[in-house]
2 protein chains.
Amino acid sequence: MALTIGDLSKATATKVETVRYYERIGLLPKPARTQGNYRAYGQAELGRLSFIRRARDLGFSLDQVRAMLGLSDDQACDCAGIDRIAREHLQEVERKIADLTALRRELTAVIQSCDGGTIADCRIIEALGPSAGI
Amino acid sequence: MALTIGDLSKATATKVETVRYYERIGLLPKPARTQGNYRAYGQAELGRLSFIRRARDLGFSLDQVRAMLGLSDDQACDCAGIDRIAREHLQEVERKIADLTALRRELTAVIQSCDGGTIADCRIIEALGPSAGI
DNA sequence: ATAGTCCCTGCAGTAACTACAGGGTCAAGA
DNA sequence: TCTTGACCCTGTAGTTACTGCAGGGACTAT
C-alpha cells in the first residue's frame, strides 16, 4: 500500500539519497516508518517530490521551490504576501517561457539546415544572446 | 573599445569570479590581455557568455551548454551528430515549455483567487505533479 | 601622489546534490 | 532453516557550479 523511498525515487527519477536530503532540509515532511524503520510514503509526498524535481529542472532554487510550496501549504496565510510571491514567480516563469521559445526556434532551424549537408550559418548563440528577450 | 571583465559581468548579471571560472573550465576562450594584464573581450564573447547564462538559468547543465555551444562552434562537424544533439535538446526544451506553461496557469489562478480573501483551493503542486505533462 | 575603483591569481566556502562505508530488513529459493 | 540478493538505514565525504575573500597590481581623478 505505502510507497517506499525506492518507489518515489523511480517515479520521479530522483536518487534515493536526494529524497533523504530533501527530508533533512525540510522540503519533504518526515514520513511514517514501518516496523523495520523503512520510510513509508503516500501519494501526497509523491506529488510534492514530483513538483520539487520539475521546478528544480526548470531552474528554480530550493528556496524558490520552498516559497512556491508555501503557497499551497499556507491555505490561511495573508493574501498580500501570497500575491507578491506568486506575481514574482509568474514574471520569472514568463521570462523563461520566452527564452525557451527563442531557443526552440533556433534548435528547429539548426535541425532544418542539417537536412542538406553542413550547417551554413548557425544562429544558436544569437538566439539567447545579449539582445534576445526582454 | 574592448570590453573588460566587469563590462561582461554587468551586461550579463554574472559575477566576475564566475566569468573567470567559465574561462578556467574552457567554456569561454582565453581572451586577449591588455598591457596591464587585464582581460580584453569583444562582442562574440559577450554573446557567448549571455547564451551560457540564459541556458543555465533555464536548467541546462554546463555539459549540456558545452554541447550546444559545440553545435555552433563546429561548423564543419558531421551533420548526423549535430542533428541528434539538437533533436534531444529540442525535446527537452519542449517539455520545459509545457511544464512552465502549466506552472504559469496555476500561478495565475493563485493570484486570481487571492483577489477575494484567502485561497480556497491551491493546485500549484498538481501543476507539476507526477501525472502532469507528457 | 594618493584615494578609490577596478583588475589579477589562488584558494577556501556554499548550495545542491551524489557516492560510499558499514550495517540492518525482508522476500525467495535451495 | 538459512542464505543470497535487493532493498533500506545512518553518517560522512566527495562533486558541480558557483561565490567570496586575501593579498597585491593597474588606472583614474583630484
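Note on naming: letters A, B, ... go to the chains in the order of the sequence lines (proteins, then strands), and numbering restarts at 1 for each one.
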What are the residues of residues 35-42 of chain A, sorted by number, that bring a heavy atom to within less than 4.0 Å of DNA chain C?
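Within residues 35-42 of chain A, the residues near DNA chain C are A/Gly36, A/Tyr38.
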Centre of A/Phe60's six-membered ring, under 6.0 Å away, within 45 degrees of the axis: is that where NZ or CZ of A/Lys96 sits?
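Geometry flag: set, cation within 6.0 Å and 45°.
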Do the side chains of B/Arg66 and B/Asp63 get close enough for a salt bridge, i.e. N-O under 4.0 angstrom?
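Salt bridge between B/Arg66 and B/Asp63, a charged N being under 4.0 Å from a carboxylate O: yes.
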Does any N or O in the side chain of [X] come within less than 3.5 Å of the main-chain N or O of [Y], such that one atom is a donor and the other an acceptor?
| X | Y | answer |
| --- | --- | --- |
| B/Thr12 | B/Leu8 | yes |
| A/Thr4 | A/Ala40 | no |
| B/Gln91 | B/Glu88 | no |
| A/Arg54 | B/Pro130 | no |
| B/Thr101 | B/Ile97 | yes |
| A/Ser9 | A/Ile5 | no |

Interatomic distance, [X] [atom1] vs [N] [atom2] [rounded to whole Å]:
| X | N | atom1 | atom2 | value |
| --- | --- | --- | --- | --- |
| A/Arg66 | C/dA15 | CZ | C1' | 12 Å |
| A/Asp63 | C/dA16 | CG | P | 6 Å |
| A/Gln64 | C/dA16 | CD | P | 10 Å |
| A/Phe60 | C/dA15 | CZ | C1' | 18 Å |
| B/Arg33 | D/dC27 | CZ | P | 13 Å |

Which residues within residues 14-25 of chain A lie with some heavy atom under 4.0 Å of an atom in DNA chain D?
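A/Arg20 - these, ordered by number, are the residues of the stretch whose heavy atoms sit under 4.0 Å from the strand.
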Would you jot down, in residue-number order, the residues of residues 3-13 of chain A having a non-hydrogen atom under 4.0 Å from DNA chain D?
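Only A/Thr4, A/Ile5, A/Gly6 qualify.
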Heavy atoms only: give me the nearest B/Arg48-B/Leu27 pair and the separation to one decimal.
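Looking at all heavy atoms of both residues, the shortest contact is NE-O, 2.9 Å.
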With a 3.5 Å cut-off and no angle check, do the side chains of A/Thr14 and A/Arg53 form a donor-acceptor pair?
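Their side chains do contain a donor-acceptor pair, which is all the 3.5 Å distance test asks for.
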Under 3.5 Å, is there a donor-acceptor pair linking the side chains of B/Tyr22 and B/Arg56?
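No, no side-chain donor-acceptor contact under 3.5 Å.
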